[in-house]
2 protein chains.
Amino acid sequence: MKQGRTAPDGSYPTRRATIREVAETAGVSRSTASRALTGNGYVAPPVRDRVREVARGLGYVPDATARHLRQQASRSIGVLVSDLSNPFYAGLAAGISQQARRRQYTMMLADDGGSPTVEAEAAEAFVALRVAGVIVTPVSAEIGSYLARQRIPVVEVDRQFSAGACDAVVVDNANAARTVTRQLLDLGHRRIALVIDEMHWTTGRDRLAGYRTAFADAGVPLDESLVVTAGWDVDAARIEAHKLLSRSEPPTAVFAANNVLAEAVWRAAAELDLTIPGQLSLVSFDDVAWMSLVRPGVTAVAQDPVALGEAAISQLLDRIQAPLAPVRTVLLSATVASRGSTAPPATNRR
Amino acid sequence: MKQGRTAPDGSYPTRRATIREVAETAGVSRSTASRALTGNGYVAPPVRDRVREVARGLGYVPDATARHLRQQASRSIGVLVSDLSNPFYAGLAAGISQQARRRQYTMMLADDGGSPTVEAEAAEAFVALRVAGVIVTPVSAEIGSYLARQRIPVVEVDRQFSAGACDAVVVDNANAARTVTRQLLDLGHRRIALVIDEMHWTTGRDRLAGYRTAFADAGVPLDESLVVTAGWDVDAARIEAHKLLSRSEPPTAVFAANNVLAEAVWRAAAELDLTIPGQLSLVSFDDVAWMSLVRPGVTAVAQDPVALGEAAISQLLDRIQAPLAPVRTVLLSATVASRGSTAPPATNRR
DNA sequence: CTGAAAGCGCTTACAG
DNA sequence: CTGAAAGCGCTTACAG
């Protein structure tokens, strides 16, 4: 933070200093001032020091937009997530933000609330701002191809809509889902419900696939009625979960495909006075703070959104460096945080 | 999202279209193209339509940085918060982001992790980008004066460091703290600890003041050893809380000054097998998701960070419109979400 | 070692 | 009704 000018009467200057003002005050040309300030090109050391001194005295901060316009290269990246209020996306943004700062990039952030229309608008805003690249948790396939067409590097994170066409950083959803489902099967559960939001995106598709694979591996037939689509919203999902748990033949365990759905199931179980894990076992995909605060703790696939964000920005900056390098999909494995929310099914207990 | 050009071989153009290209393709001057596209100034309707058609066909997206450079006005705002991983700040960012989009502003977001150095760097980055204004949860008094000196409108949110010198949107911390403390006193508690992170910022200062006022109002003497400074980090705070609750003369109730501290106290109580509210009553300042998920739910002052963010951006845009209007501090009141974590102290029970 | 000139992509008085 | 010119704040070959 540089010192600004203060007039003798204590008032502030009306306009921000420009390089022209710095140059005039230092008695050099704008070219020389620019070279002195950026460090590009030669300037006699005493002149350089004088120019820098003057700039500091004037509180001069170079106009990054003008610089970028001239250089045709920006130091901003665009980040587009689905819901900042969800700790998963917030963590992702936190990881990206931290790395961006470390690498001297600035972050434009937008939240599309899951809407493809808003996503498209945000993408256009990023193009207008000529960001160096975009990181997105996509809600449509269009955003990837649109940005590619506009020659803006993109990395899809969490979900992948343009596999092979653009870089991506995703979690190994299938394996993680399979692992936790198997743990439930191993405990003796047979009626394991999958509560999910949608099954077309890679996250939903792969979590569903992992769940199915675990059943297949164990040679256990799967009751398709136990795969329930519960929507996006906690309240709507809570109602669906309530119905599910009130069935005449209810599941003995639930695998919630994300943290919002896990919350919905948790609330529905409380409404029905179902004890966990006594009457119901619960596992979640995506480990968020409350899961280790409640009793019993909720066993969950821990994705580390911060690491996901960091990997995404690394990937993006690599892509900016090497636009023609082969497209890459980075697969991050996830761990399972085992807590107290699972136990053998009640019917198996003596 | 506009259609881009696709060459006959399916490849994309190498460079992004500029207004010059649009103008040439449409057979008009750049001035006319600009007028047609922006809607400023007159253009014969058929010409206007043709230009717009051409622009769409070329996938033309005007360069916002060039436009802003020319107009000396930007449509971006800078937002600087302390910790995106904390749901309070994430909610704040979500509220701001949503309103920004609605008003056709774009948001630059940075996270200073509570460091004044990082805060200063971020402020300078915002100045470099010539944002139209900044919203900040300040960690020092310098950021407000620095940005003011740079002629950039600022609104402080949540905390206030430059009262009177710049706009602010804050919660009525003193009243809310007083209310919850009084509730505890009314239940019969006398040994009510305040677990707090710091007491110099307005948030800490006013929450402490409200707590003291409630004691004074009730004519109950305050044991100063019950005001404990527990630091920023959940783990460090958990250790402090553990010590507090293990004292020979422990408190019968704890007022945690924010959500992180409430989490620390909650964990410490669990470690010590203290039942809530049987052996310990707990109230929190700042209501976050887990507090309604645990059993019993945690009684908390609910701040509505999204509303706080929305108020902040309103205030900022007003300020941008009227730079010389009197400085304003908006005080938002908070409600108390009463849940099951409080009860009369054990010693009062029969 | 330094400065004049050109130009990044826009918009906007101004002249006709 | 439209276009030529200037200029926003920078940087960078290039000439000297």
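In what follows, every chain begins at residue 1, and chains take the letters A, B, ... in the order their sequences are listed.
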Can you check whether [Y]'s main-chain N or O pairs, donor with acceptor, with [X]'s side chain at less than 3.5 Å?
| X | Y | value |
| --- | --- | --- |
| B/Arg328 | B/Asp167 | no |
| A/Thr65 | B/Leu69 | no |
| A/Glu156 | A/Phe161 | yes |
| A/Asp111 | B/Ser97 | no |

Toward the 5' end of DNA chain D, by each residue's nearest nucleotide, B/Ser29 or B/Ala66: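 Closer to the 5' end of DNA chain D: B/Ser29.
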Upstream residue (5' side of DNA chain D) when B/Pro45 and A/Arg30 are each assigned their closest nucleotide: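 In this pair, the answer is B/Pro45.
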Between A/Thr38 and A/Arg67: side-chain donor-acceptor atoms closer than 3.5 Å: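 No, no side-chain donor-acceptor pair sits under 3.5 Å.
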Which nucleotide wins on minimum distance to the side chain of [X], given the candidates [options]?
| X | options | result |
| --- | --- | --- |
| A/Arg35 | C/dT2, C/dG9, C/dT12 | C/dT2 |
| B/Ser31 | D/dC10, D/dA4, C/dG9 | D/dA4 |
| B/Thr32 | D/dC10, C/dG3, D/dT2 | D/dT2 |
| B/Leu69 | D/dC1, D/dC10, D/dC8 | D/dC8 |
| B/Val28 | D/dG3, C/dA5, D/dG9 | D/dG3 |
| A/Tyr42 | C/dT12, D/dC1, C/dT2 | C/dT2 |
| B/Asp63 | D/dG3, C/dT2, C/dC10 | C/dC10 |

Nearest heavy atoms of B/Glu119 and B/Val139, plus distance in Å: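 Scanning both residues, the minimum pair turns out to be OE2-N, 2.7 Å.
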A/Arg50 with A/Glu53: basic N within carboxylate O range, under 4.0 Å: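 No, no charged N to carboxylate O under 4.0 Å.
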Which residue lies more 5' along DNA chain C, comparing B/Arg67 with A/Ala44 via nearest heavy atoms: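 Mapping each residue to its closest nucleotide by heavy atoms, the 5'-most match is A/Ala44.
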Contiguous Watson-Crick or G-U pair runs (3 or more, under 3.5 Å) in DNA chain D: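 If one scans DNA chain D for consecutive Watson-Crick or G-U pairs, the stems found are C:1-3 with D:14-16, C:5-12 with D:5-12, C:14-16 with D:1-3.
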How would you label the contact of [X] with the nucleic acid (heavy atoms, under 4.0 Å): base, sugar-phosphate, or nothing?
| X | value |
| --- | --- |
| A/Thr65 | nothing |
| B/Thr18 | sugar-phosphate |
| B/Arg48 | nothing |

Under 4.0 angstrom between B/Arg20 side-chain N/O and D/dG3 OP1 or OP2: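 Negative; the distance criterion is not met.
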Phosphate-side-chain proximity, A/Gln71 and C/dC8, N/O vs OP1/OP2 below 4.0 Å: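 No, no such contact exists.
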Presence of donor-acceptor pair under 3.5 Å, side chain of A/Arg16 and base of D/dG9: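 For A/Arg16, whose side chain was compared with the base of D/dG9, there is no donor-acceptor pair (under 3.5 Å).
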From CH2 (A/Trp201) to OG1 (A/Thr137), nearest 0.5 Å: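 The OG1 atom of A/Thr137 is 8.0 Å from CH2 of A/Trp201, to the nearest 0.5 Å.
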Distance in angstrom units between B/Gln72 CD and D/dC10 C1', rounded: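 B/Gln72 atom CD is separated from D/dC10 atom C1' by 12 Å.
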Gap between atoms CD1 and C1', on A/Ile19 and D/dC8 respectively (whole Å):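 After rounding, the gap between these two atoms is 14 Å.
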